[in-house]
Amino acid sequence: MLTTEDYTHFPVQMWERVLSKVKKAVVFMDDKCAESLHWCGGAAVLLDAGARNLKQFSSFEACGVNEPKAVFVVSTLLKGTTVEIIKDIISLSHFQYCVVITTVAHSVHLLANNVTTEMEGSPVFEQFEEKLCEWMGNMNYTAEVMHVPVVFAPVSQQLLLTPMFAHLFPLLPPDLESINAKRPEKKKFGSLLDVDMNSLPVELQFEIKSLASVLNSVFEATGTREESFAVGPMSRIIAGELANHPQAKNRRKAAPNKASIIFVDRTMDITGAVGHHGDNLVEKILSLLKPLPGHVTDIQVDMLELTSLQRTPHSQTTLAPGCLAQTQSPAAQTLWEAMLTNKHKEGVMEVRRQLVETASKEKLPIKMSMGRVTPEQLCSYMQLFKSSWGALESHCGVLQLGLATAQTLRHPNLPRWDACLAFERLLLQALGDSDFPAVLRQLLPLMKPRGGEDSTTSGSRSGEDESGPDEMILLLVYLYSLADEAQPADQDTEEEEEVEKLERELIGVLTLVLTREIELSPLVQKLTGCANPEELTTERAHSAVEKMFDTLRGLSHARDHLKQLRSVYTASDGVHQATYRPFLRQILEEVFRPDRPECPDIDYMSGGLTDLLKTGFSMFMKVSRPHPGDNPLLFLFLVGGVTPAELRLIKESVSTHKPGTQVLVLSTRLLRPTDIPELLFTTQRLLPDIGV
């Protein structure tokens, strides 16, 4: 029987196919493929395989006369901008041998070229090989074009991410309006659940087909026969596409290993992703430290404390940053797993334990101390390694994770995390005790523009009681994601008018807050489309906030179509406080129930015509369908991202309900709370960038 380890090794196997082509070559790679490589060994594995250099996939790069071979690794279709960049690089270089590797399958390239029939061979790739020879200036030179799905990043033993699909997110009510706007009146969709694959924009169709093809590659390489299940409209489309994949039907007939895969839309539980209740160290590290340039998941660790350099305005550009991906050190990988799936306190204690143990092994003069772990204490341990270059080099992975922890614990914005958590708990109780207008009123005093009477004169927002626009937006998303299920559905006209009035007031105050900012956060930049405060006019800010509220109003309707798993909110009963009940926990409880009842909300998607016939017969007789808990291996695919806290929840649910079950989480990204507003309000969900 296969284990999750066999599947987490798949990305490394795919990169080995790329490595076989890079000897004596200069490698050009786009950001999404570079992020996948980053978690599979990084640039070091390319150089060890004989590559001469690794460069950014950009028209501004080229090679010299003494560099005759190039390998291009891209995550897009070989069309449009991608083709132009390849042509530019070749035209400025002196190549005699070019290899182009794309993560997009040939079948998707056929569709992108308006070919709907199956064809023998790879005609699109063969035509592109001829173009490469033309651009190199000699038809006798060598050109190869191939598909290799180097899509997955094995972030942990429990988690595979897909950087290529980091911005794939379930559709929302405004997207339904956009789709319906292009359809005749009689053919408009009533809800997102009615939307099918063919009604989506072609760019999104290509992205979904690419994802289905990638998943099929994993199952093909491991001889897996999967049963697909789905919760949510986008998940149904993806699972249906995987079930109907041309190669999947033949594979499933002969594959010896059985597995279940449940696709779940992130929109089924926005509350869990935007809240600060996770109690997880990695969640705070991802939120507070700067992202690694070009990466969606990893962050920059300041390595200055391990050197003798003085801190100056230029020291950050002098020294390369550290990161969380430590693929070469077993000790660092073990520590990373503990940080990722344990509670905050347990994670911090494990960091200290590992540092003490490592320093003791190296016979460094460490002074033991018990009690609360402080960032100063961790730094004092790590600075001992400065005196021994060998120890520093041997344990660099553990030290980077230790520095990431210390820098997070002393970050000036860390108190805001606890402040947000406290206010979320207040909102949770208030939703059950008061009407919605009263709850909205509680947000107004928090929205303090800079320079106002209550604001600090310095313009700083470092105080824990003075939240910035990011925190305000997060609290609004948290509140609206719960609003309709915590409040009675039959609001009277007077209350609706009161809500509209308060929303107009909130829009006005938040607009003022944005325009008074002296520095725009990355979230505000994406929300408004402005890089600096000078560009941000009142009109632009007001328009962005109005669009945001249009999306907010539909957030808590995402589960309206469900029959059983409709709520993530449990109201106070006078004895117990109101609580948030994670949607994933509810799904896993259903999957692992000993009596194995059929959950009406988890749709079985692999049946095709046979399942439709069974559905018909079930009107007259009892018909059993496959159950997600039938198989020894379970995949959970979170469409739109997963949080570190949810990884711990999954681990705990398995050990509680069905110990020994192998569960592997697949997702588009590892989420920070601020990722959710970006995905909700700024991502082009209907027009993904896949190189068309």
Side-chain angles (χ1 to χ4, degrees), residues 76-77 79-80 104-105 107-118 164-165 167-216 228-246 248-249 263-268 547 550-551 553-555 557-562 601-609 611-612 615 637-640 668 679-692:
T76 51
L77 285 161
K79 285 178 76 73
V104 182
S107 57
V108 181
H109 278 85
L110 283 175
L111 288 171
N113 285 279
N114 300 313
V115 179
T116 53
T117 55
E118 284 293 308
M164 178 180 164
F165 303 102
H167 290 90
L168 178 64
F169 198 75
L171 300 182
L172 297 162
D175 302 315
L176 180 64
E177 290 174 24
S178 300
I179 291 168
N180 276 336
K182 297 173 183 175
R183 297 177 69 83
E185 193 62 39
K186 291 183 179 178
K187 292 190 175 181
K188 291 188 187 299
F189 295 115
S191 75
L192 285 169
L193 208 63
D194 302 325
V195 176
D196 57 17
M197 181 71 160
N198 294 327
S199 59
L200 299 175
V202 289
E203 294 88 349
L204 185 53
Q205 288 188 42
F206 295 156
E207 186 163 46
I208 290 171
K209 285 179 183 293
S210 291
L211 177 55
S213 171
V214 163
L215 292 171
N216 180 67
S228 294
F229 301 84
V231 186
M234 179 65 90
S235 287
R236 284 173 58 90
I237 293 173
I238 296 169
E241 195 59 35
L242 176 61
N244 295 320
H245 192 279
K249 292 173 184 176
F263 294 88
V264 183
D265 279 7
R266 178 73 264 174
T267 45
M268 296 296 104
K547 284 180 185 173
D550 287 342
T551 302
R553 293 182 191 106
L555 281 188
H557 292 292
R559 292 181 298 276
D560 283 359
H561 66 282
L562 301 180
D601 298 328
I602 303 175
D603 296 319
Y604 176 58
M605 302 300 297
S606 293
L609 181 60
D611 197 55
L612 287 173
T615 305
F637 196 114
L638 282 299
V639 181
T668 47
L679 290 163
L680 290 175
F681 308 134
T682 70
T683 301
Q684 293 288 316
R685 288 178 296 273
L686 291 171
L687 296 169
D689 179 16
I690 60 163
V692 176

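This structure is a prediction, so every number in the text was calculated from the model and none was measured.
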*side chain to side chain donor-acceptor pair (under 3.5 Å) involving His557 - partner list, sequence neighbours excluded*: Asp484, Asp560
*Does Asp196 have any side chain to side chain donor-acceptor pair (under 3.5 Å) partners at least two apart in sequence or in another chain, and if so, which?*
Ser199
*Listed partners of Leu638 passing side chain to side chain contact (heavy atoms under 4.5 Å, CB included), at least two apart*: Val264, Leu584, Leu636, Val642, Val665, Ser667
*asked:* I need the minimum non-hydrogen distance between Ile238 and Leu168, along with the two atoms involved.
replied: CD1-CD2, 4.2 Å
*Look up atom NZ in Lys249 and atom OG in Ser606, then write down how far apart they are to the nearest 0.5 Å.*
11.5 Å
_Side-chain heavy-atom pair Leu77, Phe206 within 4.5 angstrom cut-off_ = yes
*Sub-4.5 Å side-chain heavy-atom contact between Ile208 and Met234*: yes
*With sequence neighbours excluded, what pairs up with Lys187 under the side chain to side chain contact (heavy atoms under 4.5 Å, CB included) test?*
Arg183, Pro184
*By side chain to side chain contact (heavy atoms under 4.5 Å, CB included), which residues pair with Ser191, not counting sequence neighbours?*
Leu193, Asp194
_Shortest non-hydrogen contact from Thr76 toward Val104_ = C-CG2, 3.5 Å
_salt bridge (Lys or Arg N to Asp or Glu O under 4.0 Å) partners of residues 237-246, not counting sequence neighbours, each pair once_ = Lys209-Glu241
*Identify, with sequence neighbours excluded, every residue that meets side chain to side chain contact (heavy atoms under 4.5 Å, CB included) alongside Asn114.*
none
_Nearest heavy-atom neighbours spanning Ser228 and Leu242_ = OG-CD2, 3.8 Å
_Student check: side-chain heavy atoms of Lys547 and Phe681 closer than 4.5 Å_ = no
*Any side-chain heavy atom of Pro170 sitting closer than 4.5 Å to one from Met268?*
no
_Just verifying a value: how many Å separate Glu207 CD and Phe165 CZ, rounded to the nearest 0.5 Å?_
6.0 Å
_Holding to side chain to side chain donor-acceptor pair (under 3.5 Å), I want the full list of residues that pass it with Ser235, two or more places apart in sequence or in another chain._
Asp265
*Is the shortest heavy-atom distance from the side chain of Leu176 to the side chain of Leu171 under 4.5 Å?*
no
*Just jot down the ring-ring contact (aromatic ring centres under 6.0 Å, His included) partners of Phe263, sequence neighbours excluded, or say none.*
Phe637
*Sequence-distant partners of Arg553, salt bridge (charged side-chain N to carboxylate O under 4.0 Å, His left out), two or more places apart*: Glu503, Asp550
*Could you give me the CA-CA distance, side-chain angles and deciding distance for Phe169 and Thr668, then say whether side chain to side chain contact (heavy atoms under 4.5 Å, CB included) is met?*
CA-CA 9 Å; Phe169 198 75; Thr668 47; over 6 Å; no
*asked:* More than 12 heavy atoms of other residues, nucleotides or ligands under 6.0 Å from NZ of Lys188: yes or no?
replied: yes
*asked:* Show the nearest heavy-atom pair for residues Asp603 and Arg236, with the distance to one decimal.
replied: OD2-NH1, 2.8 Å
*Is Ile237 close to Leu200 at the side-chain level, that is, under 4.5 Å between some pair of heavy atoms?*
yes
_Between Leu192 and Thr267, does the side chain to side chain contact (heavy atoms under 4.5 Å, CB included) criterion hold? Intermediate values first, please._
CA-CA 12 Å; Leu192 285 169; Thr267 45; over 6 Å; no
*Non-hydrogen atoms of His561 and Pro233 that approach each other most closely*: CE1-CD, 4.3 Å
*Under 3.5 Å, is there a donor-acceptor pair between the side chain of Asn216 and the main chain of Ala212?*
no
*Is any side-chain heavy atom of Val639 closer than 4.5 Å to a side-chain heavy atom of Arg266?*
no
*asked:* Run the salt bridge (charged side-chain N to carboxylate O under 4.0 Å, His left out) test against Asp175 and tell me which residues pass, sequence neighbours left out.
replied: Arg685
_Applying side chain to side chain donor-acceptor pair (under 3.5 Å), can you list everything that pairs with Asn113, at least two apart in sequence or on another chain?_
none
